[in-house]
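A short write-up of the structure that comes next.
The analysis underlying the following values was restricted to heavy atoms, covering all of them including side chains, and did not include hydrogens, waters or symmetry mates. Labels below follow one simple rule: chain letters A, B, ... track the order of the sequence lines, proteins then strands, and each chain is numbered from 1.
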Amino acid sequence: MSNAMNQVTSLSQFTRLRQPLSIGDVVSVGLAIAKQRWSLFSGIALRSIAWLVIPLVGIIVGSGFLAVVANASSESQVSNVGAIVLLFVASLVLSLFCFGKYLANAGLISRIAFNDLSQREETVRDASRVTRSRTWSYLGASFVYGIILIAALIGLGIVFSVIFAIFAVLITGITVGFSSGNVRNSSAMGVVGLLSAIVLLVLMLGYFIGVVWVMARFFFSEVPLSVESKIGAIGAIDRSWELSKRSGWRLMTITTVGFLVTLPITALGQLIVVLPLILLKLGDPSATSSAFATGLSSLLNLVATLLITLLTMGFWQSVKAVVYFDLLNCREGQALQIQDD
Amino acid sequence: MGQFEKEQSRTIGSPDHSKQKPLRFFSEIRLRTPESVELEFPLAGIGSRAYALFVDYLLLAIAMIGVILVAWLMAYQFWAYFQLSPTLVSAIGNWIGAISLFLLFSIFVGYFVFFETLWQGQTPGKRLAQIRVIREDGRPIALPQATLRALLRVFDDFFFFLVGFLLILQGRQEKRLGDWVAGTVVIQELRQKKDRIQILDEAQAKNVAQALLECSTLNVLSPDDFAIVREYLSRRANFSAKARETVSLRLAQQLKAKLDLERLPFDMTANLFLEGLYVAYGQRKSL
C-alpha cells in the first residue's frame, strides 16, 4: 500500500518536472538534489578541491625551494635561468591539469544530478569514468569561456565608454551654451553635475549587468559537456549559447536567487576570515598592518573560499544540471514522451 | 578506447549509488481544514521564497532610500527656513534621525503586514514567485498572522537569513520561525494555466480527426498520452524549428504505433496528425 503510494507521488514528481520550471523551482529542485545526495556530492567536491590545493601547495613549496637553491649557488646564473624556465613550464602544465581535474569532478556532480532528473540509471563509477575522460575538454571549454568573457569585458567597456563620451561632449556643449547665456549659472551647473553623476551610475550599472548577462548565458556550459556524448569544448559553449537564447534574464535571476540561498553559508565562511582578524586587532591594535596579519588574512581568505566552495559545490552543480534539463525541456521538448504501457 | 571501457564496466558492475531510493524534487504538505477535509498543497520551496524575498527587499530598499532622501531634504529645508542656530539644528537632527529610524522600521514591518493582509498572504515578490502564505488549516491569513510573521522576520533574517534558512531547510513543512509562531505555511499558488493551443489549420485538423475516429476508437490512448499531445501543442511555439520537427515526429510515430495504425488515412505532416488527434479527443469526449 505504502509502496503504491510512493509510486504515485514519485510519478507526480516527474510529471511536475516535465512542466517548464519556475525560477524558484529551478533553485529548489537543485537544492533538493544536493540535500539528498549530500554525502556523495561532498565526497566528490572534496576530491575536486583537493586537486585545486595540490598545485597551490606545489607552487609555494617549489618557489621556496627555488629561493634556497638560488641563494646557495649564485655563481652559475645561466643554468639557473634554464632550470627556472623548465620548472615554470612544468608547473604550469601540472597546474592546468589539476584545474582540469577540479572541473571534471565538478562536472561529475552535474552528470549525476542530471541522471537523477532524467531517470537515467548509471553507476557513479561509470559516470566518473566518462567525466574523467573529458578532463581536457573541460579545461578547453573554460579557456574558451574565459576568452569570451574577456572579449565581453573589453567590448562592452568600449561600447559604454563611447556612450559616455558622446554624453560628455553633449553636456559640455550645453553647459557652455548656458554659461554664455548667463542663465542662473550655479544652479544650472549643479543640475548638470547631478545629471552626469546619474548617467555615469546608470552606465556603470548597465556595464555590470551586461557582463553578468554574458556570464549567465554560459552559466551551465559544463553540463552539456558532462552529459552529452560527442560534444567537444567548443560544442558545449555553442550549445549553451544556443539554448540560453531569450533566457538571459531568467538565468541571471536564477543565479541571483541561488546566490541568495547560499548567502548564509557564504557569510559564515567569511566570518572565519573576519573573526580572527578582529580578535587580533583587539589584542594588539597595531598588529593589523604587520606582515603576519597580512599573511594570516590571505591564508584565512583561502581557507574560507575553499570551505565555501566545498559546501556549495553540490548545490551549484545541481542547479546547473536543473537549468540544462529545464532548457532542454522548454526549448526542445526532451521530456515529451509517450509512455509505453 | 572509451568505447571498450564502457562495455567492460557494464559487465563488471559496481556498487550502485544511483539505485538508492528515488529522489524527491518537490515537497507537498497535507492540511486539514476546519471541516476535516484533507487538502494537499505543493510547498513553496526555498528557491521561490528566496526569489520573493529578493524582489520584496529590492522594493523595500527603494522605498527606504526614498524616505531617507525626503527626511534629509525636509530637515535641510526646515533648517534653512527658520535659520536655526547650529546647536538647535543638531538637536532637531537627532529627532529627525530617530523619527526616520522609526519610520524605516514601520515601513519594513508595514510592507509585509499591509500586503499579506490585503492580498491574502501575498506580497509583490510572492506574487511574482507565485507563492502564498496560508494558515495551517488552509484558510487565508489575516492581520494577526501577517503581523507575527513580519515581526519575527527580524529573527529569521538575522545574520544573512541564517535562522530562517536553516529552519526551512531542515523542517518537513519548510517553516521559518515566523511561520511556526503564526501557524502558517507558504505554498505554491495553484496556477491557472491558460492553454494557448493553436491549431494551425482548423479545417484540415477536423478532417484528420474525422478520419482518425473512423479507423480507430482511440481507446488505447491514456489520458496521459493526450496530456502530452496537448502539452506539445501548447508549448511548441517556444521550441526551435528543428526541435519542433523532431518532437512532433517522435510523438506522432509513438502514437501511431500505439494506435496500431499500419497506415495513416492520408499523407499528412506530423504536426497535423497531432492536431487532428487533439481535435478527435475533444470530439470523442463530447460524444
Discussion item. Using a 6.0 Å cut-off, check whether atom CZ of Phe54(B) has over 12 heavy atoms from anything other than its own residue.
Written reply: no
Worksheet entry | Nearest heavy-atom neighbours spanning Ile46(B) and Ser28(A) | N-OG, 3.4 Å
Fill in: Enclosure of Phe158(B) CZ (heavy-atom neighbours >12, cutoff 6.0 Å)
no
Item to complete: Please flag which part of Leu31(A) lies under 4.5 Å from any non-hydrogen atom of chain B: side chain, backbone, both or neither.
Response: side chain
Discussion item. Looking at every heavy atom in both Ala44(B) and Asp25(A), which two are closest together, and how far apart are they?
Written reply: O-OD1, 4.1 Å
Fill in: chain A contact via Ile168(B) - side chain, backbone, both or neither, heavy atoms under 4.5 Å
neither
Discussion item. If I measure from the heavy atoms of chain B, does Lys35(A) come under 4.5 Å with its side chain, its backbone, both, or neither?
Written reply: side chain
Worksheet entry | Residue Ala129(B) versus chain A: region with a heavy atom under 4.5 Å | neither
Worksheet item: How close do Phe160(B) and Pro264(A) get, heavy atom to heavy atom, and via which atoms?
Response: O-CG, 3.3 Å
Fill in: Minimum heavy-atom distance Phe239(B)-Asn329(A), with the two atoms named
CE2-O, 3.9 Å
Discussion item. Does any part of the side chain of Phe25(B), heavy atoms only, come nearer than 4.5 Å to the side chain of Val322(A), both counted from C-beta?
Written reply: no
Item to complete: Please round to the nearest 0.5 Å and tell me the distance separating atom CZ of Phe165(B) and atom CD1 of Ile265(A).
Response: 4.5 Å
Response to the item:
Turns out that what part of Arg246(A) lies under 4.5 Å from chain B's heavy atoms comes down to side chain
Worksheet item: In terms of heavy-atom contacts, does CD of Glu245(B) have more than 12 from other residues, nucleotides or ligands at under 6.0 Å?
Response: no
Fill in: Least distance between heavy atoms, Arg235(B) atom then Leu336(A) atom
NH1-CD2, 4.4 Å
Worksheet, complete the sentence: To the nearest 0.5 Å, atom NZ of Lys245(A) lies from atom OG of Ser240(B) at 9.0 Å
Worksheet entry | Crowding at CH2, Trp72(B) (>12 non-hydrogen neighbours, <6.0 Å) | no
Fill in: Residue pair Leu260(A) / Tyr51(B), side-chain heavy-atom distance below 4.5 Å
no
Worksheet entry | Top of Val319(A), Ile23(A), Val26(A) for chain B proximity - count of heavy-atom pairs under 4.5 angstrom | Ile23(A)
Practice prompt. Select one option (side chain, backbone, both, neither) describing which atoms of Thr253(A) are under 4.5 Å from chain B's heavy atoms.
Written response: side chain
Discussion item. With a 4.5 angstrom heavy-atom cut-off, is it the side chain or the backbone of Leu117(A) that approaches chain B, or both, or neither?
Written reply: both
Fill in: Distance-minimising heavy-atom pair for Ile33(A) and Leu23(B)
CG2-CD1, 4.1 Å
Response to the item:
Okay, Tyr232(B) and chain A: the region with an atom under 4.5 Å from a heavy atom over there is both
Worksheet item: In terms of heavy-atom contacts, does CH2 of Trp249(A) have more than 12 from other residues, nucleotides or ligands at under 6.0 Å?
Response: no
Worksheet item: Would you say Arg16(A) and Pro42(B) make side-chain contact, with heavy atoms under 4.5 Å?
Response: yes
Practice prompt. Output the option from Val163(B), Leu221(B), Leu255(B), Thr246(B) having the highest count of non-hydrogen pairs under 4.5 Å with chain A.
Written response: Leu255(B)
Practice prompt. Would you mind reporting whether Gln19(A) and Glu231(B) have side-chain heavy atoms less than 4.5 Å apart?
Written response: yes
